Peer 1: 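Below you will find the structure I want to go over with you.
Numbering of ligands and ligand atoms starts at 1, following listing order. Sequence positions, counted from 1, serve as the residue numbers for this chain. The model shown is predicted, which means the values in this text are computed figures rather than measured ones.
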Amino acid sequence: MSKDILDLAGIGIGPFNLSVAALLDQHPHTRAAFFDQKPAFDWHPGMQLPGARLQTSFLKDLVTGADPCNPHSFLNYLVQQGRLYPFLSAGMPAISRREFAHYLGWVANQLPDLHFGQAVESVRFEDGLFRLEFRQERPPVFSRNLCIGTGIRPHLPPACESVSGDSRLHCIHLMDQPRDFSGQDVAIIGGGQSGAEVLLGLMDGLWGEPASIRWLSRRPNFEPLDETPFTNLYFTPGYVSTFHGLPEQRRRELVRYQKLASDGISPDTLKALYQRLYEYPLEHPGRPVPELLPGRTLYAVTDGTPMTLLTRNRLDDQFEEHQADQLLLCTGFEHGLPPCLEPLERNLKRDSRGQPCIGKAFNLDWDGPDNRAIYTVNQGRLSHGIADSQLSLMSWRSAVIVNHLLGEPHYPVREQAMPLHWRSQKSGAKRDRAGGPRGVTENHSVLKD
Ligand SMILES: Cc1cc2nc3c(=O)[nH]c(=O)nc-3n(C[C@H](O)[C@H](O)[C@H](O)COP(=O)(O)OP(=O)(O)OC[C@H]3O[C@@H](n4cnc5c(N)ncnc54)[C@H](O)[C@@H]3O)c2cc1C
């Protein structure tokens, strides 16, 4: 690395910043460098469970949505690996998570501006430039703009805070090392895709032979990901742009309402799980069949051997107690800016609940000069909608960011014609003082019939 000033410094190299880097690789005059604390590229290695599949089409790769001729596409990966024709014959609507991770690693290996083993410790704004300091001994980096791609952090439910480290394990670390839960009472907490995959793994004996398995979820049932066409329209530039223009309160309501469009369980996984449960007593005579406990809110966990889990059934309102030696937390993730941005805290504009305000081009609203931007990827669920934390629109978002950085519409990012019109058409109705049509007094929340 030279001491020259960069146009863009990327912090974190997960798929989202990798996508920005893959587009910028085609712009040699733009000086960019990306830094990650990991020793090498690796996509969620702790959740590379055998048989796990992507919940997104392979066409929603790092670049194709913005630049289908870009050499870093999934299709070019298949061609270069000599796998295109075998792939086409496999007729797989969803590729494996392992293959997607391999594709991402293949791209990462080709990009010269990625630097691993370099954890960004702090970022300050000095003399018109961002100054990045690192945990490792190395000179600081100076850049005109930033792109924050530090991802998400595992969520620890408050009830589990008192449990000692070894007895609770977030699923994101499950495959980091060999594990054996033989003879233990295992409780999976959290009823989304990860919980379903972990239950399948336990039933397949991936981590020994537990004495018992329980799967607890707060949701009223084990609910499917909604992959139907109109729901998929939430993952389009037109919807994201409409969403971004809505008032804060309405955006919050919508994100809650649309949960199953991004956080449900893949229908194929649900089917496989149900069939495994059905066959379990015949395949494993004498072993207790896993217990599925939906609608349970976890109130408290008493640490000890075994632990006692106090839950409340939201269906009949009764309290229950369950014993467990090992908790597997499939409790999702938290979003938030990384600690290295703390020196810039007071420069950022926040919404009514203290979340950073994010502009249309995924740039944080801050009090610095207009020609200095702090872009964020994966922080905009409340500003840009549920698509922001998914792979679906990552190449489009990268194109929006790169266009903004270049100051020109290099990539086509316009909305595409859809049969569905999100925004209001013009109305000739006369308005009353409250802004509604005269004589109409109903509650017009978007979530009520
Ligand atoms: C198991 C799993 C499966 C998923 N499957 C799908 C799917 O099928 N479809 C879909 O649409 N979405 C999926 N997602 C959601 C989403 O696509 C992924 O979480 C994705 O990895 C997010 O990418 P990211 O770049 O934001 O973050 P990450 O992949 O988490 O990468 C962030 C990187 O930042 C680095 N970092 C953090 N802090 C620093 C620092 N201070 N200095 C340097 N480096 C730092 C970390 O080391 C890490 O490498 C999945 C998520 C999980 C957890």
Side-chain angles (χ1 to χ4, degrees), residues 9-22 33-49 52-62 93-101 104-105 108 114-123 132-136 141 146-155 170-175 190 192-198 225 227 232 234-235 261-266 268-269 330-342 362 375-381 386-395 397-398:
I11 307 179
I13 311 174
F16 293 173
N17 255 353
L18 188 62
S19 166
V20 176
F34 294 77
F35 305 91
D36 199 291
Q37 60 199 6
K38 287 187 185 158
F41 185 87
D42 215 349
W43 186 51
H44 296 320
M47 274 301 277
Q48 288 297 346
L49 296 164
R53 304 214 157 259
L54 220 57
Q55 290 188 301
T56 318
S57 159
F58 62 85
L59 287 175
K60 295 176 171 177
D61 63 9
L62 295 167
I95 61 169
S96 73
R97 202 177 282 157
R98 213 183 282 284
E99 181 159 33
F100 195 67
L104 296 173
L114 311 187
H115 305 273
F116 290 95
Q118 315 218 348
V120 179
E121 178 88 357
S122 69
V123 182
L132 282 66
E133 299 279 355
F134 293 80
R135 215 167 294 153
Q136 293 73 15
V141 164
L146 293 177
C147 193
I148 312 298
T150 46
I152 41 186
R153 289 186 287 272
H155 171 67
H170 195 281
C171 64
I172 200 70
H173 302 299
L174 202 47
M175 301 294 278
Q193 178 70 22
S194 305
E197 289 177 6
V198 170
L225 180 75
E227 299 176 304
N232 279 342
Y234 295 148
F235 300 86
S262 64
D263 287 348
I265 305 171
S266 292
D268 285 348
T269 308
C330 301
T331 43
F333 299 89
E334 286 168 10
H335 295 255
L337 293 174
C340 63
L341 280 196
E342 267 162 28
F362 300 90
Y375 304 105
T376 59
V377 290
N378 209 354
Q379 297 294 335
R381 215 170 148 83
I386 54 169
D388 198 65
S389 48
Q390 303 285 308
L391 301 169
S392 304
L393 280 181
M394 78 175 153
S395 61
R397 175 181 53 206
S398 301

Peer 1: Among protein heavy atoms, which lies nearest atom 45 (C) of ligand 1, and at what distance?
Peer 2: Gln37 CD, 3.7 Å
Peer 1: Please check whether Asp36 reaches ligand 1 - meaning an N/O of the residue sits under 3.5 Å from an N/O of the ligand, judged on distance alone.
Peer 2: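 Yes: some nitrogen or oxygen of Asp36 is under 3.5 Å from one in ligand 1.
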Peer 1: Between Phe16 and ligand 1, does any nitrogen or oxygen pair lie at a separation below 3.5 Å?
Peer 2: yes
Peer 1: Where's the contact between Phe100 and ligand 1, heavy-atom distance under 4.0 Å: side chain, backbone, both or neither?
Peer 2: neither
Peer 1: Is it the case that ligand 1 has an N or O less than 3.5 angstrom from some N or O of Arg53?
Peer 2: no
Peer 1: Output all residues satisfying salt bridge (Lys or Arg N to Asp or Glu O under 4.0 Å) with Asp42, sequence neighbours left out; order by chain, then residue number.
Peer 2: none
Peer 1: Can a donor-acceptor pair be found, under 3.5 Å and without considering hydrogens, that links the side chain of Asn232 to the backbone of Glu227?
Peer 2: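 Yes, because the side chain of Asn232 sits within donor-acceptor range (under 3.5 Å) of the backbone of Glu227.
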Peer 1: What protein heavy atom sits nearest atom 11 (O) of ligand 1, and how far off is it?
Peer 2: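 Sorting protein heavy atoms by distance from atom 11 (O) of ligand 1 puts Leu391 N, 2.6 Å first.
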Peer 1: Do Asp268 and Arg53 come close enough that some side-chain heavy atom pair is under 4.5 Å?
Peer 2: no
Peer 1: Please work out, at 4.0 Å between heavy atoms, whether the side chain, the backbone, both, or neither of Ile172 comes within that distance of ligand 1.
Peer 2: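 Contact part for Ile172 vs ligand 1: side chain (C-beta onward).
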Peer 1: Given Ile148, which of Val123, Asn17, Leu341, Asn378 fulfils the side chain to side chain contact (heavy atoms under 4.5 Å, CB included) condition?
Peer 2: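 With Ile148 as partner, side chain to side chain contact (heavy atoms under 4.5 Å, CB included) holds for just one option, Leu341.
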Peer 1: Establish, from distance only, whether the side-chain atoms of His155 and Glu334 form a donor-acceptor pair under 3.5 Å.
Peer 2: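 Yes, Glu334 and His155 have a side-chain donor paired with an acceptor closer than 3.5 Å.
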Peer 1: With a 4.5 Å cut-off on side-chain heavy atoms, are Glu197 and Met47 touching?
Peer 2: yes
Peer 1: Of all the atoms in ligand 1, which lie at a distance below 4.0 Å from a heavy atom belonging to Ile152?
Peer 2: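 It comes down to these atoms of ligand 1: 19 (O).
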Peer 1: To check your reading of the model: name the closest protein heavy atom to atom 18 (C) of ligand 1, its residue, and the distance in Å.
Peer 2: His44 NE2, 3.5 Å
Peer 1: Does Pro338 reach ligand 1, in the sense of a heavy atom lying below 4.0 Å from it?
Peer 2: no
Peer 1: Among protein heavy atoms, which lies nearest atom 34 (O) of ligand 1, and at what distance?
Peer 2: Gly12 CA, 3.3 Å
Peer 1: Side-chain contact test, heavy atoms from C-beta onward, threshold under 4.5 Å: evaluate it for Ile386 versus Asp263 and give yes or no.
Peer 2: no
Peer 1: Distance under 4.0 Å to a non-hydrogen atom of Phe35: what atoms of ligand 1 satisfy this?
Peer 2: 43 (C), 44 (N)
Peer 1: Thr56 versus Phe100: any side-chain heavy-atom pair under 4.5 Å?
Peer 2: no
Peer 1: Work out whether the distance between some heavy atom of Arg97 and some atom of ligand 1 is less than 4.0 Å.
Peer 2: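 It does; at least one heavy atom falls under 4.0 Å.
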Peer 1: Of the protein's non-hydrogen atoms, which lies at the shortest distance from atom 28 (P) of ligand 1, and what is that distance?
Peer 2: Gly14 CA, 4.0 Å
Peer 1: Run the numbers for me: atoms of ligand 1, each under 4.0 Å from some heavy atom of Gly149, listed by number.
Peer 2: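 Reading through ligand 1 atom by atom, the close ones are 32 (C), 33 (C), 34 (O).
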Peer 1: When rounded to the nearest 0.5 angstrom, what distance separates OG1 in Thr376 from NE2 in His335?
Peer 2: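 Atom-to-atom, Thr376:OG1 and His335:NE2 are 11.5 Å apart.
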Peer 1: Under 4.0 Å from atom 21 (O) of ligand 1, do we find at least one protein heavy atom?
Peer 2: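 When distances to the protein are checked, atom 21 (O) of ligand 1 has a heavy atom within 4.0 Å.
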Peer 1: Take every heavy atom of Phe41, measure it against each atom of ligand 1, and state whether any distance is under 4.0 Å.
Peer 2: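 It does not; every heavy atom stays at 4.0 Å or beyond.
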Peer 1: Report the nearest protein non-hydrogen atom to atom 14 (N) of ligand 1: residue, atom name, distance rounded to 0.1 Å.
Peer 2: Trp43 CZ2, 4.6 Å
Peer 1: Rounded to the nearest 0.5 Å, what's the gap from CD on Gln118 to CG on Asp36? Could you check?
Peer 2: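 So the CD of Gln118 and the CG of Asp36 are separated by 10.0 Å.
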Peer 1: Is there a side-chain contact between Gln193 and Thr269, using heavy atoms and a 4.5 Å cut-off?
Peer 2: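 In contact.
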Peer 1: Measuring from Glu342:CD to Glu121:CD, what's the distance to the nearest 0.5 Å?
Peer 2: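 Result: 10.5 Å between the selected atoms.
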Peer 1: Mark up the atoms of ligand 1 that fall under 4.0 Å of a heavy atom belonging to Gly151, in ascending order.
Peer 2: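 With Gly151 as reference, the close atoms of ligand 1 come out as 26 (O), 27 (O), 30 (O), 32 (C).
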Peer 1: Looking at atom 8 (O) of ligand 1, what's its closest protein heavy atom, distance included?
Peer 2: Gln55 N, 2.7 Å
Peer 1: Which atoms of ligand 1 are found less than 4.0 Å from any heavy atom of Ser389?
Peer 2: 15 (C), 16 (C), 17 (O)
Peer 1: Side-chain contact test, heavy atoms from C-beta onward, threshold under 4.5 Å: evaluate it for Ile13 versus Phe41 and give yes or no.
Peer 2: yes
Peer 1: Which atoms of ligand 1 have any heavy atom of Thr56 under 4.0 Å away?
Peer 2: 7 (C), 8 (O), 9 (N), 10 (C), 11 (O)
Peer 1: Among all protein non-hydrogen atoms, which one is nearest to atom 29 (O) of ligand 1, and what is the separation to 0.1 Å?
Peer 2: Pro15 CD, 3.3 Å
Peer 1: What do you reckon, does Asn17 have a nitrogen or oxygen under 3.5 Å from a nitrogen or oxygen of ligand 1?
Peer 2: no
Peer 1: Should you measure from each heavy atom of Met47, which atoms of ligand 1 turn up under 4.0 Å away?
Peer 2: 1 (C)
Peer 1: For Val120, is there any backbone N or O sitting under 3.5 Å from a side-chain donor or acceptor partner on Gln37?
Peer 2: no
Peer 1: What is the distance from atom CD of Gln379 to atom CZ of Phe362, rounded to the nearest 0.5 Å?
Peer 2: 12.0 Å
Peer 1: Looking only at distances, please establish whether an N/O atom of ligand 1 is found under 3.5 Å from an N/O atom of Val120.
Peer 2: yes
Peer 1: For ligand 1, is Gln118 a contact, meaning one of its heavy atoms is under 4.0 Å away?
Peer 2: yes
Peer 1: Once you restrict to heavy atoms under 4.0 Å, what part of Asn378 touches ligand 1? Side chain, backbone, both or neither.
Peer 2: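 Near ligand 1, Asn378 shows its side chain, while the N, CA, C and O stay back.
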Peer 1: Which ligand 1 atoms does Lys38 reach within 4.0 Å, using its non-hydrogen atoms?
Peer 2: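 Near Lys38, the atoms of ligand 1 are 47 (O), 49 (O).
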Peer 1: Would you say the side chain of Val377 lies within less than 4.5 Å of the side chain of Met394, judging by non-hydrogen atoms?
Peer 2: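 Heavy-atom side-chain distance check fails, nothing below 4.5 Å.
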Peer 1: With a 4.5 Å cut-off on side-chain heavy atoms, are Phe16 and Leu391 touching?
Peer 2: yes
